[in-house]
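One-based numbering along the sequence shown.
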Amino acid sequence: MNQDLIRKTLKEFFGYDTFKGDQEEVITHLLGGGDAFVLMPTGGGKSLCYQLPALLMKGTAIVISPLIALMKNQVDLIRGFDAGTGSVAHFLNSSLSRQQIDEVRSDLLAGKTKLLYVAPESLTKEENVQMLKEVEISFYAVDEAHCISEWGHDFRPEYRRIRALVEQIG
């Protein structure tokens with residue numbers, strides 16, 4: 001992908017003139033279809049490494065996140081950058097009402113949503129698996145993956161199902 005377009009999106013959407021550390025290299029790698037494991041300190045800019053590619057790629061990026069508050073914070077931040085409809089980012093978790101879930105589904109199916117944050121438990125629900133099968137997925141990201149080992153594999157067993165779910169959804 002054109003580096004000028006990447007930098008233009010960085011400036012226009014996020015308001016930054018330059019990348020931090022290895023962000024540009026990671027983003028270029030993802031845009032080229034590669035996989036990445038990104039380890040950066042708090043405030044190092046990990047989220048931008050998947051947010052910017054999601055905006056530039058066709059389809060919706062699925063971001064698996066362990067905490068409802070973190071999902072809400074990330075969606076609020078993205079929507080703060082988005083001067084448009086506010087449907088560029090959504091989250092899907094147990095805090096939503098049926099009406100809110102229907103709104104997320106509508107935006108997803110209409111192709112408006114570029115980033116969908118989901119709890120691993122929400123990703124395992126059959127109705128969500130079926131819905132995501134109808135959506136063009138650009139890529140999957142697991143945010144705050146260190147929580148898996150810190151909390152232990154039996155704390156959130158749904159994390160062990162991610163690979164099978166990704167294969168099932170496509």
Side-chain angles (χ1 to χ4, degrees), residues 1-93 104 107-120 122-123 128 131-150 159 162-163 165-170:
M1 181 163 286
N2 181 320
Q3 291 302 113
D4 290 335
L5 177 60
I6 295 169
R7 288 191 182 107
K8 179 182 175 191
T9 304
L10 176 71
K11 177 65 176 173
E12 288 181 359
F13 200 89
F14 297 98
Y16 300 127
D17 293 316
T18 59
F19 289 99
K20 287 183 186 179
D22 295 326
Q23 285 177 322
E24 187 171 13
E25 182 182 348
V26 171
I27 289 166
T28 301
H29 181 73
L30 290 174
L31 289 169
D35 293 332
F37 174 83
V38 179
L39 179 65
M40 293 179 178
T42 300
K46 294 178 293 291
S47 298
L48 184 74
C49 290
Y50 62 77
Q51 290 170 341
L52 196 148
L55 297 174
L56 293 173
M57 294 172 82
K58 189 175 179 187
T60 301
I62 306 300
V63 182
I64 302 162
S65 181
L67 303 170
I68 290 173
L70 180 62
M71 283 184 240
K72 181 172 179 356
N73 177 266
Q74 290 288 346
V75 168
D76 288 347
L77 283 172
I78 287 287
R79 287 181 177 175
F81 295 130
D82 178 27
T85 64
S87 62
V88 71
H90 283 295
F91 59 84
L92 189 59
N93 59 44
V104 170
D107 282 350
L108 269 170
L109 295 176
K112 296 177 182 178
T113 304
K114 299 301 289 174
L115 285 149
L116 178 66
Y117 291 80
V118 297
S122 295
L123 188 62
N128 292 337
M131 174 181 63
L132 291 174
K133 284 182 176 183
E134 299 176 43
V135 175
E136 183 174 0
I137 307 292
S138 54
F139 63 89
Y140 293 86
V142 179
D143 199 10
E144 302 295 334
H146 67 278
C147 294
I148 300 167
S149 62
E150 285 179 12
Y159 273 102
I162 290 173
R163 182 184 192 122
L165 288 164
V166 166
E167 290 172 0
Q168 183 181 355
I169 294 167

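- Judged as a ring pair (Phe, Tyr, Trp, His ring centres under 6.0 Å), and not counting sequence neighbours, the contacts of F14 are F81.
- The distance from atom CZ of F139 to atom OG1 of T60, rounded to the nearest 0.5 Å, is 10.5 Å.
- Judged purely by atom type and a 3.5 angstrom limit, S138 uses its side chain to pair as donor or acceptor with the backbone of A61.
- Between V75 and H90 the shortest side-chain heavy-atom distance does not fall below 4.5 Å.
- The heavy-atom pair separating L30 from M57 by the smallest distance is O-CE, 4.2 Å.
- Nearest heavy-atom pair, A119 versus N93, reported as atom, atom and distance to 0.1 Å: CB-CB, 4.4 Å.
- Residues L132 and L116 form a side-chain contact, since some pair of their non-hydrogen atoms from C-beta on lies under 4.5 Å apart.
- Once rounded to the nearest 0.5 Å, the distance linking CG of L123 with CD1 of I64 reads 5.0 Å.
- Looking at every heavy atom in both residues, F19 comes nearest to I27 through CE2-CD1, 3.5 Å.
- Under a 3.5 Å cut-off, the side chain of K114 and the backbone N or O of L56 do not form any donor-acceptor pair.
- Residues passing the salt bridge (Lys or Arg N to Asp or Glu O under 4.0 Å) test with K72, sequence neighbours excluded: D76.
- A heavy-atom distance below 4.5 Å is not found between the side chains of V118 and V63.
- In this structure, the side chain of Q23 engages the main chain of K20 through a donor-acceptor pair within 3.5 Å.
- The CG atom of L10 lies 11.0 Å from the CG atom of L5; values are rounded to the nearest 0.5 Å.
- Here the CD atom belonging to E134 is positioned 10.0 Å from the CG atom belonging to L108, to the nearest 0.5 angstrom.
- More than 12 heavy-atom neighbours from other residues, nucleotides or ligands sit within 6.0 angstrom of NZ on K133.
- Of the possible donor and acceptor atoms, one in the side chain of H29 sits under 3.5 Å from a partner among the backbone N and O of D35.
- Nearest approach of M40 to G45, heavy atoms of both residues: SD-C, 4.0 Å.
- Here the straight-line distance linking atom CZ of R7 with atom CD of E12 works out to 14.5 Å at 0.5 Å rounding.
- Annotation: side-chain hydrogen bond (donor to acceptor under 3.5 Å, both in side chains) contacts of Q74 (sequence neighbours excluded): S47, Q51.
- Residues passing the side-chain hydrogen bond (donor to acceptor under 3.5 Å, both in side chains) test with N128, sequence neighbours excluded: none.
- Applying the side-chain hydrogen bond (donor to acceptor under 3.5 Å, both in side chains) criterion to Y50, with sequence neighbours excluded, gives D143.
- Atom CG of D22 is separated from atom OG1 of T28 by 11.0 Å, given to the nearest 0.5 angstrom.
- For the side-chain hydrogen bond (donor to acceptor under 3.5 Å, both in side chains) test, residues two or more places apart in sequence or in another chain that qualify with K11 are D17.
- Closest approach of V104 and F91 over heavy atoms only: CG2-O, 3.8 Å.
- For E25, the CD atom sits in a loose shell: 12 or fewer heavy atoms of surrounding residues, nucleotides or ligands are nearer than 6.0 Å.
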